[in-house]
Amino acid sequence: NVDAVNSAINAVAVSNINNDMHTNGKAWMKRTTVALSFQKDWKPLYSAETVQPIGHYDDQSRQVWFTQGSVARAADVGTTLNSGFGYRRISSDDHHLHGANLFYDYRFKGQHRRMSAGLEYLSGESEFRFNYYRGMSDEHMVNGALERITDGYTVSYGKTFKNARWARIYGEAYHWTLDRSADKNGLRLGTELQLTPRVSIDMGFNKPEHSSGSAYGKIMFRLAGADMGEACILHDAADVREVQVDEARHSDQVGNVGN
């Protein structure tokens, strides 16, 4: 049952608690991850990401400005840099969170640029997010083909569980606008599991319209583990404070190229 699985996950985390990086790691390390992903055709994607508060922030703060940056490299689209900032505010009872963010993305292959804006609302165990993406670069010839970064948006819903806050399920619908062919629509369904204070996985299935779809997977390593309360246990199931400085869920690949 769920309680038994939750106990097993907690036991794995407890076995690592004596590791200095788990207990003594600096705060910035707990908010920095490196990851290995596999997407369409199981092509690898390597990435590193960090999320850090701007100015004073502690466990009593009701609002926070934060910055988020990442670098990713994939075999098909090359290296991409992402830089952004956001603002979040939580309610007086710690049960609701409102946030907004802006990002600038640059892909070296093709010299493509993109801007995005996002909104998020978290209430207890439920998460709602909307992101709009706008290509900022002109068309470029890359490997003999004309490329342009498409505009589009994503709408997503995620959910955690009262007795298993180390698990999260989500669904994301997306739409990309093309000029000279049919627009791209699709749906991604997946789950994230926090296996230990430092290790988590994300796996799911991406189903574009008029396509059979493909599976994807991602394993993430945090530079320093969160403590037990942050990683696996939440005493108040409706409390959203623990995610106040989590990453903004923004697509860091400038790879939606079309015409």
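One is the number of the first residue; the rest follow in order along the sequence.
Seen from the ring of Tyr216, Arg188 counts as a face-on cation partner, given the 6.0 Å and 45° thresholds.
The closest donor-acceptor contact from the side chain of Ser211 to the backbone of Pro208 lies at 3.5 Å or more, if one exists at all. One N or O on the side chain of Arg113 and one on the backbone of Met136 form a donor-acceptor pair closer than 3.5 Å. Arg134 contributes no side-chain N or O that, together with a main-chain N or O of Asp151, makes up a donor-acceptor pair within less than 3.5 Å. No donor-acceptor pair closer than 3.5 Å links the side chain of Ser61 to the backbone N or O of Gln63. At distances below 3.5 Å, not a single donor-acceptor pair connects side-chain atoms of Gln52 with backbone N or O atoms of Phe66. Panel note: side chain Arg107, backbone Ile149; no donor-acceptor pair is recorded below 3.5 Å. In this structure a side-chain-to-backbone donor-acceptor pair under 3.5 Å is missing from Ser123 to Ser126.
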In sequence, state the C-alpha distance, the side-chain angles, and the governing distance for Arg249 and Glu120, and then conclude on side-chain contact (heavy atoms from CB on, under 4.5 Å). CA-CA 9 Å; Arg249 296 184 181 274; Glu120 54 189 354; over 6 Å; no
Apply ring-ring contact (aromatic ring centres under 6.0 Å, His included) to Phe130 and Tyr132, showing your working. CA-CA 7 Å; Phe130 172 82; Tyr132 175 75; 7.2 Å; no
Starting from the C-alpha separation in whole Å, work towards a yes-or-no answer on side-chain contact (heavy atoms from CB on, under 4.5 Å) for His95 and Val240. CA-CA 6 Å; His95 291 178; Val240 297; 5.9 Å; no
Show, in sequence, the C-alpha distance, side-chain angles and deciding distance for Gln244 and Tyr57, and conclude whether the side-chain contact (heavy atoms from CB on, under 4.5 Å) test is met. CA-CA 10 Å; Gln244 195 175 9; Tyr57 171 77; 3.5 Å; yes
Pair Thr67, Val51 - check side-chain contact (heavy atoms from CB on, under 4.5 Å), show working. CA-CA 6 Å; Thr67 182; Val51 185; over 6 Å; no
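When all heavy atoms of Thr191 and Tyr170 are compared, the pair lying nearest together is N-CE2, 3.6 Å. Residue Asn131 comes nearest to Gly118 through the heavy atom pair OD1-CA, 3.3 Å, listed as atom of the first residue, atom of the second, then distance. Contact record, Arg165 with Gly124: NH2-O, 4.1 Å, taken as the closest heavy-atom pair. Closest of all the heavy-atom pairs between Met220 and Ile201 is CE-C, 4.0 Å. Here the shortest heavy-atom pairing between Ala72 and Ser47 reads CB-CB, 3.9 Å. Residues Trp28 and Thr50 approach most closely at O-OG1, 4.4 Å, considering heavy atoms.
For the pair His175/Asp183, a side-chain contact is recorded, criterion being any heavy-atom separation below 4.5 Å from C-beta on. No side-chain heavy atom of Thr33 sits under 4.5 Å from any side-chain heavy atom of Leu223. The side-chain heavy atoms of Gln68 and Glu247, taken from C-beta on, include a pair separated by under 4.5 Å. No side-chain heavy atom of Arg88 sits less than 4.5 Å from a side-chain heavy atom of His98. Using a 4.5 Å heavy-atom threshold, the side chains of Leu36 and Leu45 count as separate. Under the 4.5 Å side-chain criterion, counting only non-hydrogen atoms from C-beta, Leu193 is in contact with Met203. Arg31 places a side-chain heavy atom less than 4.5 Å from the side chain of Pro53. Two residues are said to be in side-chain contact when any heavy atoms from C-beta on lie closer than 4.5 Å; Pro44 and Phe38 meet this criterion.
Here the CG atom belonging to Asp202 is positioned 6.5 Å from the NZ atom belonging to Lys218, to the nearest 0.5 angstrom. A distance of 15.5 Å separates OG of Ser251 from OH of Tyr153, quoted to the nearest 0.5 Å. How far CD of Gln194 is from OG of Ser200: 5.0 Å, rounded to the nearest 0.5 Å. To the nearest 0.5 Å, atom CG of residue Leu187 and atom OG1 of residue Thr154 are 12.0 Å apart. Taking CD of Glu127 as the start and CD1 of Ile169 as the end, the distance is 10.5 Å to the nearest 0.5 Å. Rounding to the nearest 0.5 Å places CG of Leu97 at 11.5 Å from CD of Glu242.
No chain of hydrophobic side-chain contacts below 4.5 Å, direct or via other Ile, Leu, Val, Met, Phe, Trp or Tyr residues, connects Leu119 to Val243. Neither Leu189 nor Phe161 shares a network with the other; the hydrophobic side chains, linked directly or stepwise wherever heavy atoms of I, L, V, M, F, W or Y lie under 4.5 Å apart, form separate groups for each. Under a hydrophobic clustering in which Ile, Leu, Val, Met, Phe, Trp and Tyr are joined whenever their side-chain heavy atoms come within less than 4.5 Å, directly or via other members, Trp166 and Phe221 fall into the same cluster. Under a hydrophobic clustering in which Ile, Leu, Val, Met, Phe, Trp and Tyr are joined whenever their side-chain heavy atoms come within less than 4.5 Å, directly or via other members, Ile90 and Val64 fall into different clusters. Residues Tyr106 and Met115 are members of one and the same hydrophobic cluster, defined by side-chain heavy-atom contacts under 4.5 angstrom among Ile, Leu, Val, Met, Phe, Trp and Tyr.
Scanning for ring pair (Phe, Tyr, Trp, His ring centres under 6.0 Å) contacts around Tyr104 gives an empty result, with sequence neighbours left out.
For Tyr133 and His250, the distance between ring centers is under 6.0 angstrom.
For the 3.5 Å distance criterion, the side chains of Ser156 and Arg129 fail to qualify, holding no donor opposite an acceptor. For the 3.5 Å distance criterion, the side chains of Ser70 and Asn82 qualify, holding a donor opposite an acceptor.
Other members of the hydrophobic cluster containing Tyr121, listed by chain and number, are Phe128, Tyr157; membership follows side-chain contacts under 4.5 Å among ILVMFWY residues, whether direct or relayed.
Asp105 has a carboxylate O that lies under 4.0 Å from a charged side-chain N of Arg114, or vice versa, which qualifies the two as a salt bridge.
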